[in-house]
Amino acid sequence: MHKDPSKKYRAFPPIHLPDRQWPNRVLTHAPRWCSVDLRDGNQALAVPMNVSQKLELFQTLVKTGFKEIEVGFPSASNTEFAFNRLLIEKGHAPDDVWLQVLVQAREDLIERTVESLVGAKKVIIHMYNSTSPAQRRVVFGKSKDEIKAIAVKGAQMIRDRLHRLKGTEVMLQYSPESFSMTEVEFAKEISEAVMDVWQPTPQHKMILNLPDTVEVAMPNVYADQIEWICRNIKNRDSLIVSLHTHNDRCTGVAATELGLLAGADRVEGTLFGNGERTGNLDIVTVALNLYMHGIDPKLDFANLGSIIDVYERCTGMAVPPRQPYAGELVFTAFSGSHQDAIKKGLAEREKIPGAHWDVPYLTIDPADIGREYREVIRVNSQSGKGGVAYLLESEFGIELPKDFQREFGPIANDAVDKLGREVSGAELKAMFWKEYVERNTPWSLTSFETESKNGVVKCRAKLLRDGKAVEFSGEGNGPLAALVHGFGTIGVPRFEITNYSEHALSSGEEAAAISYIQIKTADGKSRWGAGVDTNIELASVRAVLSALNRL
Ligand code: KIV
Ligand code: ZN
C-alpha cells in the first residue's frame, strides 16, 4: 500500500447543500420496492440462472410481495428473451406485478426489447446510459452534449415504439448510470432532456432511477445528491425518484436509507445483496430495518428460511452466517453475558404479553421471520452458566436451581473447552448426566423402602459401596432425613441437606421426575447431586447418592 495514498487517490467532492433537510427527517413508510435479482443479480453470477431457475426465483419474489420486478435484459440473450415470453405467454405474472426490463439506448436493442414485451399486462421499460466524467471520457470518448444526445435518441426510439404495446400498461424509467459519480447539474440536465421526450405527468409519472453504480463516497454524500436532484429537477411531481445502490464501501444500506430521507420514493435492490462486485443493495435488510422500527415493510419475510433456500438453489450463492437478519448466526449468542441478558429479556416478555420488543441483543423477535428461539443460544467455552441452563431447560425441560447452575456452569465450560468447539444441547445433557445422574461410585442404590408412623419415617436402604452390599436403617421426619440418619449409623461422616427441589421431566425415555439436592458436610464442603426415577422418592435418594459420590 502507498505510504501517502493521497498521491494515488482523492476524496470525492462534497455537494454544496448547506440547508440540507434529510438529517432532520425520519422514515415513516415503506418505499416502492423493485427487485433486480433476475437482472443485476443474475448478471453477477458465475453461471447465470437458466429459465427454470429464474422462474422459481420470480415466483418467490412475487410471493414475497414485490410488485415491480426487473426480469432481465431481453435483448442480451435468447435465454433472457425466452424468459420474458414464458412469463407473458404462460401468465406467470399476476395482474398487479410490473415486469421491468433493462435496455441500453440503442435502436436494435430497443427493438428486440419491445418485441419481448408484447402481450404483457404491465411493463416498465428501463433505459440507461452512462453519464459520469470517467465513463464519458474513457468508455465513450464523448462530450456531455453527445452523451445527452444518446439518452434523448434512446428515449425517442422507445416512445416511437410504444404503439406496439397496445393493451399493455407501460411505465418508462431512465437511469443516468453512474449517477453518483456524475456532476449533479449534468445528471439533472440529461434527466430533464429525457423527460422532455417522455413528457411524464403527475397522473402518468416516469421513474427516474439514480444509481450509486459504484459507491465512491460516504452515504451522506449520496443523500445530498438525491436531495439536490429532488429539489432542483423540474416537474418533480411527475417523477418517481428511485434509488439503486451498490455496496463497494459496505454502505449500500445506509446510502439507501439516507436517500429515502432525502426524498426518494422507490428502492431497487436484491435479496441478500447479490450483485456485481460487493453486491447490490440488500433489500431484505432495508425492509427489516423498517420493520424493527414498527413500519410495515410491505414485503413478507415470515418464512425467510424458505426464501434463503430458493435463493441459494437458484443463484448458487450462499447467505453468509452473519448476514443481517438472514445469517445462520444472527440470532445466536456466544458470550455468556449476552446469553444471560437474552434469557432475562425473553423471560420478562412472557410476563408482559403485548409489550414492545425490548430484548437485549436481539433486534427483532426471531420468530417473526420464521427463526426459533432455541437458535438464540448455543454453548461454547465462552458461554456462562446462563447459556448452559437455558439450553438444558429449553431443549430438555431440565430446570437447574440457580445455585446448581453456578456449580455445573464451570464444569460444562471446562468440558467444552477441552473439546475446542461449540456443543449441542444433547451433548450438554450427556455431560450433565455423566457428571450427576450416572455417578454411581462409590455409592449406588439397590433398594429403598420407607414406612411412616406417628409422623416418624423409618427407612431401610440397600446400597452398594464400591460394589459391596451395604444395608442400614434410619429414621427422621421424612424419607431424606431418615436416609441421612441411616448413613450416620454406618459411620459415613456427617452431612446435611441444604437444598432440595424436584420437577417432572417433560418427555423422553425418562418420563419421570428429576430431583436436585445439595448436601453440606461437617467440614463445610457442599455438593449438588441429581437423581432421576419414575418414583419421586427414589429420585431424591439417587440425588443424595449423586452428591455423596461427588465429594
Ligand atoms: O448499477 C447500475 O447503475 C445499474 C444500472 C443499469 C441501473 O445496474
Ligand atoms: Zn446496478
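Bear in mind that the values here come from a model prediction, so they are computed numbers and not experimental data.
Rounded to the nearest 0.5 Å, atoms CG (Leu243) and CZ (Phe179) are 9.0 Å apart. Rounding to the nearest 0.5 Å gives a distance of 5.0 Å between CD of Gln43 and CZ of Arg39. Expressed to the nearest 0.5 Å, how far CD1 of Ile158 lies from CD1 of Ile110 amounts to 4.5 Å.
When all heavy atoms of Glu146 and Lys142 are compared, the pair lying nearest together is OE1-CA, 3.3 Å. Contact record, Pro360 with Gly345: CD-CA, 4.0 Å, taken as the closest heavy-atom pair. The heavy-atom pair separating Ser75 from Arg112 by the smallest distance is CA-CG, 3.9 Å.
Panel note: side chain Glu215, backbone Gly252; a donor-acceptor pair is recorded below 3.5 Å. In this structure, Gln339 contributes its side chain and Ala333 its backbone to a donor-acceptor pair below 3.5 Å. A donor-acceptor pair under 3.5 Å is formed between the side chain of Thr278 and the backbone N or O of Asn247.
Counting non-hydrogen atoms of other residues, nucleotides and ligands closer than 6.0 Å to NE2 of His356 gives a total of 12 or fewer. Counting non-hydrogen atoms of other residues, nucleotides and ligands closer than 6.0 Å to CE of Met218 gives a total of 12 or fewer. In the displayed structure, Phe66 atom CZ is contacted under 6.0 Å by more than 12 heavy atoms of other residues, nucleotides or ligands. Within a 6.0 Å sphere centred on NZ of Lys153, heavy atoms belonging to other residues, nucleotides or ligands number 12 at most.
In this structure, Glu185 has no salt bridge (charged side-chain N to carboxylate O under 4.0 Å, His left out) partners at least two apart in sequence or on a different chain. Tyr361 is linked by a ring pair (Phe, Tyr, Trp, His ring centres under 6.0 Å) to His338, counting only residues two or more places apart in sequence or in another chain. Take His126 and apply the ring pair (Phe, Tyr, Trp, His ring centres under 6.0 Å) test, not counting sequence neighbours, and it matches no residue.
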_One pair to check against side-chain contact (heavy atoms from CB on, under 4.5 Å): Leu57 and Asn42. What are the steps and the verdict?_
CA-CA 11 Å; Leu57 191 51; Asn42 193 37; over 6 Å; no

*Using the salt bridge (Lys or Arg N to Asp or Glu O under 4.0 Å) rule, take Glu107 and Arg161 through it: C-alpha gap first, then chi angles, then the decisive distance, then the call.*
CA-CA 10 Å; Glu107 187 156 23; Arg161 283 162 179 77; 2.7 Å; yes

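Side chains of Arg20 and Asn220 form no contact here, defined as non-hydrogen atoms less than 4.5 Å apart.
By the 4.0 Å N-to-carboxylate-O rule, Asp265 lies close enough to Arg236 to be salt-bridged with it.
A side-chain contact (heavy atoms from CB on, under 4.5 Å) with Gln323 is found for exactly one of Leu329, Asp282, Val284, namely Asp282.
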Side-chain polar contacts of residues 298-311 - donor-acceptor pairs under 3.5 angstrom, sequence neighbours left out - could you list them?
unit_1, atom_1, unit_2, atom_2, d
Asp300, OD1, Ala302, N, 2.9
Asn303, OD1, Ser306, N, 3.4
Ser306, OG, Asn303, O, 3.2

Counting only pairs under 3.5 Å, give me each side-chain donor-acceptor contact of residues 82-96, with atom names and distances, residues two or more places apart or in other chains.
unit_1, atom_1, unit_2, atom_2, d
Asn84, ND2, Ser116, OG, 2.8
Arg85, NE, Glu89, OE2, 2.9
Arg85, NH1, Ser116, O, 2.9
Arg85, NH1, Val118, O, 2.9
Arg85, NH2, Glu89, OE2, 3.1
Arg85, NH2, Val118, O, 3.1
Asp95, OD1, Lys121, NZ, 3.2
Asp96, OD2, Lys67, NZ, 2.9

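Applying the side-chain hydrogen bond (donor to acceptor under 3.5 Å, both in side chains) rule to pairs touching residues 187-201 yields Lys148-Glu189, Lys188-Glu192, Asp196-Lys234, sequence neighbours excluded.
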